[in-house]
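Counting convention: from 1, in listed order, for ligands and their atoms alike.
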Amino acid sequence: MKFCYLIGYPVGHSMSAVMHNAAFQELGLDFRYELHPVKPEELGRFVSSTMRTSDVRGASVTIPHKVSVVSHLDEVDAVAMSIGAVNTIVNDDGWLKGYNTDGIGAMRSLEEAFGDLHGAKVVILGAGGAARAISYYLSTVVGELVILNRTFERAEELADAIIEYSECRSTISALRLCSEGLGRALDGADVIINATSVGMKPNIDATPIDSKLLRSDLLVLDIVYNPPKTRLLREAEAAGARTLTGVGMLVYQGVAAFKLWTGMDAPEETMMRSVEEALGVV
Ligand code: ATR
C-alpha cells in the first residue's frame, strides 16, 4: 500500500481524505490518504524523514506550511517556485518535488463557469497563499487583474512580483481592501474572487464586500468552501450575479494532485460527489 498525506496544522476540517480515498477506491488503487497534523516546528523533520520513506507517494500541503515547506524539498516546479508556495508533493524514490495545483483548480472552475477569460477584468481579494497561486495563473490569461488586500503592502508586493513574472500577459494593480478600493476595482469588472478567509466557518456572518457593491453583470467566486454558500455568495445571488462556490476549485486542485501521484486520470465525478455529500450540498 502507498500513502498520501495531508500535512497541515490543524487538519481536522479537511475534505481531502474523503475526496482522495473515494477516488482511490473507485479505481481500485492500493493507496490510502491520511490526515497528518504537523506542527510548524516539526515540519522539517517530518518532510526529511517520513515523507521520503518508500511507502509514501506524496502529500497535500495546507495551512500553515505551503510556503515554509518549499525550503525542505529537493526540487520545485517552476510555476510553484514563482508562486512561492507548494500544495502538492510527489516522492520519487526519496526525491521530493513540489507543485502548486491551487491555481490550476481555480482556473478550471472559473473557465467552466465564465468561458474564455481572455480580456476579462478580474478583481481578487487577498494576498495569501491561495490568492498568490490564483493570481499567477490569472495573469497569464486575463486582460486586467486588480489585487486587493487588507494589508496593502502584501497586495503591492504580490502585484510587483507578478509584473516581473515572464508569463504575465495582464495589466496588474494593487489596492487596499476597503470600500473605496473596492469601488474603484469593481468599476468595469467581470469577475470577483474572494481568496481571503473571510466568511469561513465559524465566522459565517462575515463578508469581504458590502452587498451594495454587487451587480448582476458579475461572476463571483468564493474560494471558501465551508460553508459552500457563504454570505458573499448569497448576497451576490440576491444582486442577480452569477456565483461559483469553492467546491470546484477544491476538487480540481485535487484532480491535478491525483494525476501527479498516480499517473492516472482522476475519477472527477466521484471526487466531486464525495465532497458535496460530505459538505451536505446534495
Ligand atoms: P491562504 O493560504 O488560505 O491564502 P493566508 O496566507 O493566511 O491563507 O491568507 C489569508 C488572507 O486572508 C490574507 O490575504 C489576509 O489578509 P492580510 O494579508 O491582511 O492578513 C486575508 N484575511 C484574513 N482575515 C481577514 C479579515 N478579517 N479581513 C480581511 N482580510 C482578511
J.: Would you tell me which option among Leu177, Thr151, Val224 has the nearest heavy-atom contact to atom 17 (P) of ligand 1?
T.: Thr151
J.: Which residue supplies the protein heavy atom nearest to atom 23 (C) of ligand 1, what is that atom called, and how far is it?
T.: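 Checked against all protein heavy atoms, atom 23 (C) of ligand 1 sits closest to Ser197 OG, 3.3 Å.
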J.: First locate atom OG1 of Thr196, then atom CD1 of Ile223, and finally report the distance between them rounded to the nearest 0.5 Å.
T.: 8.0 Å
J.: Where on Leu125 is there a heavy atom closer than 4.0 Å to ligand 1, on the side chain, on the backbone, on both, or on neither?
T.: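 The answer is neither.
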J.: Using distance alone, decide if ligand 1 has a nitrogen or oxygen within less than 3.5 Å of any nitrogen or oxygen in Ala130.
T.: yes
J.: Would you mind finding which of Arg150, His65, Arg176 brings a heavy atom closest to atom 30 (N) of ligand 1?
T.: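 It is Arg150 that holds the nearest heavy atom.
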J.: With a 3.5 Å distance limit and no angle check, can you tell me whether Tyr99 reaches the backbone of Val86 through a side-chain donor-acceptor pair?
T.: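 No, Tyr99 side chain to Val86 backbone: no donor-acceptor pair under 3.5 Å.
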J.: Side-chain donor-acceptor pair under 3.5 Å between Glu112 and Tyr252, yes or no?
T.: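 Side-chain D/A pair, Glu112 to Tyr252: present.
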J.: What part of Ala127, side chain, backbone, both or neither, has a heavy atom within less than 4.0 angstrom of ligand 1?
T.: backbone
J.: Give a yes or no on whether atom 7 (O) of ligand 1 lies under 4.0 Å from any heavy atom of the protein.
T.: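 So atom 7 (O) of ligand 1 lacks protein heavy-atom neighbours under 4.0 Å.
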J.: Suppose I only count heavy atoms of Val198 and a 4.0 Å limit; which atoms of ligand 1 are within that range?
T.: 25 (C), 26 (C), 27 (N), 28 (N), 29 (C), 30 (N), 31 (C)
J.: So Leu218 and Asp190, do their side chains get closer than 4.5 Å, heavy atoms only?
T.: no
J.: Under 4.0 Å, counting heavy atoms only: does Arg154 come that close to any atom of ligand 1?
T.: yes
J.: So if I count the atoms of ligand 1 from 1 in the order they appear, which ones are less than 4.0 Å from some heavy atom of Gly126?
T.: 14 (O)
J.: State plainly whether one hydrophobic cluster holds both Val275 and Tyr33, where clusters connect Ile, Leu, Val, Met, Phe, Trp and Tyr through side-chain heavy atoms under 4.5 angstrom apart.
T.: no
J.: Any side-chain heavy-atom pair from Asn100 and Thr88 closer than 4.5 angstrom?
T.: no
J.: Answer yes or no: is there a side-chain heavy-atom contact under 4.5 Å between Glu157 and Arg132?
T.: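 The answer is yes, as the side chains (C-beta and beyond) meet within the 4.5 Å cut-off.
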J.: Is it the side chain (CB and beyond), the backbone, both or neither of Thr196 that lies under 4.0 Å from ligand 1, heavy atoms counted?
T.: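 It is both backbone and side chain that touch ligand 1.
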J.: Tell me which one of Pro208, Gly128, Ala195 gets a heavy atom nearest to atom 5 (P) of ligand 1.
T.: Gly128
J.: Determine the minimum heavy-atom distance between Asp74 and Gly94, stating which atoms define it.
T.: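 For Asp74 versus Gly94, the nearest heavy atoms are OD2-O, 3.6 Å.
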J.: For ligand 1, note which part of Asn149 has a heavy atom under 4.0 Å away: side chain, backbone, both or neither.
T.: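 Side chain only.
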J.: Indicate yes or no: at least one non-hydrogen side-chain atom of Phe24 is less than 4.5 angstrom from one of Cys4.
T.: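 Counting from C-beta outward, Phe24 and Cys4 do come under 4.5 Å.
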J.: In terms of atom number and element, which parts of ligand 1 are under 4.0 angstrom from non-hydrogen atoms of Ile63?
T.: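 Checking each atom against Ile63, I get 3 (O).
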J.: Do Ile124 and Val146 have side chains that get closer than 4.5 Å, going by heavy atoms?
T.: no
J.: Given Cys178, Ala85, Gly129, which one has a non-hydrogen atom that is nearest to atom 1 (P) of ligand 1?
T.: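 Checking each option, the heavy atom nearest atom 1 (P) of ligand 1 is found in Gly129.
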